[in-house]
Chemist: 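This is the structure I want to talk about, given as structure tokens.
All values derive from a computational prediction rather than experimental measurement. Naming convention: chains lettered A, B, ... in sequence-line order (proteins, then strands); numbering from 1 in each chain.
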Amino acid sequence: MRTLFWKEWLEQRRSYRLLAAVIVLAIAGILGPLTAKYLPQMLASMADVPAGLAAILPAADISMAVGEYSDNLVQFGALLALLLPMAAVVGEKTQGTAALTLSKPVSRFSFVAAKVAAQGLTLFLAVLTAVVVGYLYVGVLFGWLDPVGFAAANALYWTYLMVLLSLTILASTLAPSTVASAGIAFGGLIALGILGGLPPLSAYLPSALLAWGRALALGLPAQPAWAALATSFVLCLAAVAGAWQVLRRQEL
Amino acid sequence: MIEIRTEALRKTYGEIVALHSLDLTVGAGTVFGFLGPNGAGKTTTLRLLAGLARPSSGQAWLAGEPAGPESRARACLGYLPEEPRFYNWMTPLEFLSGYVGGLFGHAREQASDRALELLERVGLADVARRRIGGFSRGMRQRLGLAQALMNRPRVLLLDEPVSALDPGGRRDMLEWIGQLKSETTVFMSTHILEDVERICDTIGILHRGRLVVVEARQALLARYAVPAIEVEFEAPAERIAGWAEAVRAKPGVVGTEVVGSVVTVRLLAADGHLSVQAAALEAGLPVIAYRVARPTLEDVFLRLVEG
């Protein structure tokens with residue numbers, strides 16, 4: 001497992017995936033508070049904007065900044081959680097590197113788990129970068145947030161993204177090609193989104209973590225979504241276990 | 001000691017039977033040539049032995065351990081696929097010492113020493129720190145052999161190890177494989193008869209998923225090769241063809257074949273060469289060479305596979 005993780009982590013760095021993920025989420029972290037702060041001014045300064053539009057826009061405040069930050073982080077993060085691992089297993093199977101690795105005395109579980117761990121670490125470092133730059137920009141432009149609440153909120157966002165990443169790894173194990181893997185993972189994301197919007201289910205699905213996180217970041221009272229957190233962990237584990245079981249039955 | 005054993009090993013893909021009930025034993029220190037035309041089931045057999053595929057029925061053992069996915073047999077196995085693929089962003093040294101050595105649980109220093117030794121052996125020492133992405137097919141094949149030897153395997157499975165190489169690369173690779181006899185049991189699949197003749201001491205011929213024959217090379221050649229005489233003339237083509245036609249009618253002659261100025265006379269039995277010798281002398285054509293044709297594996301192969 002250690003060697004497989006070493007290889008995966010080296011690949012994250014050598015293929016610039018880590019760098020790309022960090023840059024993308026750093027931009028997402030900066031963009032939220034910046035747009036919240038300056039969008040009304042930018043609109044007001046535009047020549048062909050209808051008169052009075054700027055006046056009816058709500059005044060930018062810290063709540064709007066955190067909202068923009070959270071939306072950007074989750075949207076860009078979801079994109080990364082699909083793009084980073086979509087070829088993780090299927091790519092190795094079609095290229096033939098999986099056959100070379102799995103003819104050695106390693107378990108197929110380690111093969112999958114190392115990929116989830118390395119890609120999860122990449123996503124973690126990218127979210128961490130967003131946290132640092134987002135916290136500073138919100139602080140400078142709107143006022144300082146409680147750092148613990150903000151960190152906890154981002155931990156929940158990362159957990160949500162890990163669910164998507166794990167499901168994409170499962171899709172990558174099931175699919176016959178990278179494109180099919182991305183398609184299956186995207187379908188899973190859409191399904192989670194739709195189910196998350198249904199009132200009886202929404203409190204139990206990972207998307208409930210996002211509202212909880214936003215409240216934590218702003219220091220507002222919120223109903224903790226423990227059930228959603230538990231579901232997220234279960235989904236992550238189930239996706240990894242599913243990918244392992246699928247890979248165990250596959251021939252290379 | 002038996003290092004490779006299969007019992008009624010069978011593999012089907014839907015309706016297609018890729019391998020019919022293969023029973024085979026390969027002793028330690030053998031260089032086993034697994035010969036067969038394309039699609040005979042050679043790669044399927046190697047994948048079953050390497051644990052990359054599951055048999056539909058039957059069982060295989062490597063070094064006494066049952067073969068299969070996640071089996072312990074993989075610890076004493078070296079496997080070189082037909083077209084080995086690597087992580088292009090790694091260097092050969094990283095791949096061997098960091099990755100392959102790590103997968104076998106070698107200590108870092110031990111893995112590094114072994115990697116350098118193998119890179120030296122396969123002629124890649126001077127590119128040990130270059131990215132694999134820039135390697136030619138021949139260099140990849142050599143690196144493939146090095147990775148298969150990393151754990152000093154008891155059994156080395158080589159799938160068409162020289163088919164993609166140029167003549168120089170082929171010669172080198174065959175030389176290395178031949179030298180491995182004292183270290184390991186080599187099981188090599190190929191459809192190139194010349195390579196098998198050059199280095200293998202035991203030969204198995206597979207045809208349409210069935211094992212047609214397994215025998216020591218010399219015994220196989222002696223048993224199945226057709227005795228033949230080659231006579232080379234310095235004469236016009238039509239006169240050579242006429243002589244070949246006349247000889248074909250002689251008793252004990254199975255057939256003749258004319259290639260350029262050389263006539264190959266196939267005989268029913270080795271002692272039939274005296275009548276050919278007499279016919280050559282009586283022909284009144286200048287004879288440049290007269291030799292007993294060495295039976296080739298090609299003769300055996302064609303006879304067994306093409307009936």
Chemist: Relative to chain A, which segment of B:Leu77 carries a heavy atom at a distance below 4.5 Å: side chain, backbone, both, or neither?
Modeler: side chain
Chemist: Which bit of A:Ser110 is near chain B, if near means a heavy-atom gap under 4.5 Å: side chain, backbone, both or neither?
Modeler: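 Nothing of A:Ser110, per the 4.5 Å heavy-atom cut-off to chain B.
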Chemist: Has B:Lys11 got its NZ or CZ under 6.0 Å from the middle of the six-membered ring of B:Tyr13, at an angle within 45 degrees of the ring axis?
Modeler: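 Flagged: B:Lys11 positioned over aromatic ring of B:Tyr13.
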Chemist: A:Gln245 and A:Arg249: side-chain donor and acceptor closer than 3.5 Å?
Modeler: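 There is such a pair between these side chains.
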Chemist: In terms of heavy-atom pairs under 4.5 Å with chain B, which of A:Ala98, A:Pro105, A:Ala99 leads?
Modeler: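 Of the candidates given, the most pairs with chain B belong to A:Pro105.
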Chemist: Within the 3.5 Å criterion, strictly below it, is a donor on A:Gln12 or A:Thr122 matched to an acceptor on the partner's side chain?
Modeler: yes
Chemist: Side chain from CB out, backbone as N, CA, C, O: work out which of these in A:Glu92 comes under 4.5 Å of a heavy atom of chain B, or both, or neither.
Modeler: side chain
Chemist: Residues of residues 79-99 of chain B under 4.5 Å from chain A (heavy atom pairs)?
Modeler: B:Tyr79, B:Pro81, B:Arg85, B:Phe86, B:Tyr87, B:Trp89, B:Met90, B:Glu94, B:Phe95, B:Gly98, B:Tyr99
Chemist: Could you report the tightest heavy-atom contact between B:Phe32 and B:Cys200, atom names first, then the distance?
Modeler: C-SG, 4.1 Å
Chemist: Starting at CE of B:Met188, measure out to CG of B:Leu180 and round the result to the nearest 0.5 Å.
Modeler: 11.5 Å
Chemist: Below 4.5 Å, heavy-atom pairs only: which of A:Ser103, A:Ser107, A:Gly96 has the largest tally toward chain B?
Modeler: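 When all of A:Ser103, A:Ser107, A:Gly96 are compared, A:Ser103 has the most.
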Chemist: Please determine whether a side-chain nitrogen of the Lys or Arg among A:Asp71 and A:Arg214 lies less than 4.0 Å from a carboxylate oxygen of the Asp or Glu.
Modeler: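 Answer for the salt bridge query: yes.
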Chemist: Quick one about B:Thr12 and B:Ser56 (side-chain donor to acceptor, distance below 3.5 Å, no hydrogens or angles considered), yes or no?
Modeler: yes
Chemist: Can you tell me which portion of B:Arg131 sits under 4.5 Å from chain A's heavy atoms? Options are side chain, backbone, both or neither.
Modeler: side chain
Chemist: Please verify the inter-ring angle class for B:Phe187 with B:Phe34; under 30° counts as parallel, over 60° as perpendicular, anything in between as tilted.
Modeler: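 Answer is tilted, since the angle falls between 30° and 60°.
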Chemist: Just checking, is any N or O donor in the side chain of B:Ser189 or B:Glu160 under 3.5 Å from an acceptor N or O on the other one?
Modeler: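 Absent: no donor and acceptor within the cut-off.
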Chemist: With side chain to side chain donor-acceptor pair (under 3.5 Å) as the test, would you mind laying out the steps for A:Tyr160 and A:Ser207 before giving the verdict?
Modeler: CA-CA 7 Å; A:Tyr160 173 78; A:Ser207 48; 6.0 Å; no
Chemist: Using non-hydrogen atoms and a 4.5 Å limit, figure out which bit of B:Arg54 sits close to chain A: side chain, backbone, both or neither.
Modeler: both
Chemist: So for A:Arg248, is it side chain, backbone, both, or neither that comes closer than 4.5 Å to the heavy atoms of chain B?
Modeler: both
Chemist: Can you say whether A:Arg108 sits under 4.5 Å from chain B via the side chain, the backbone, both, or neither, judging by heavy atoms?
Modeler: both
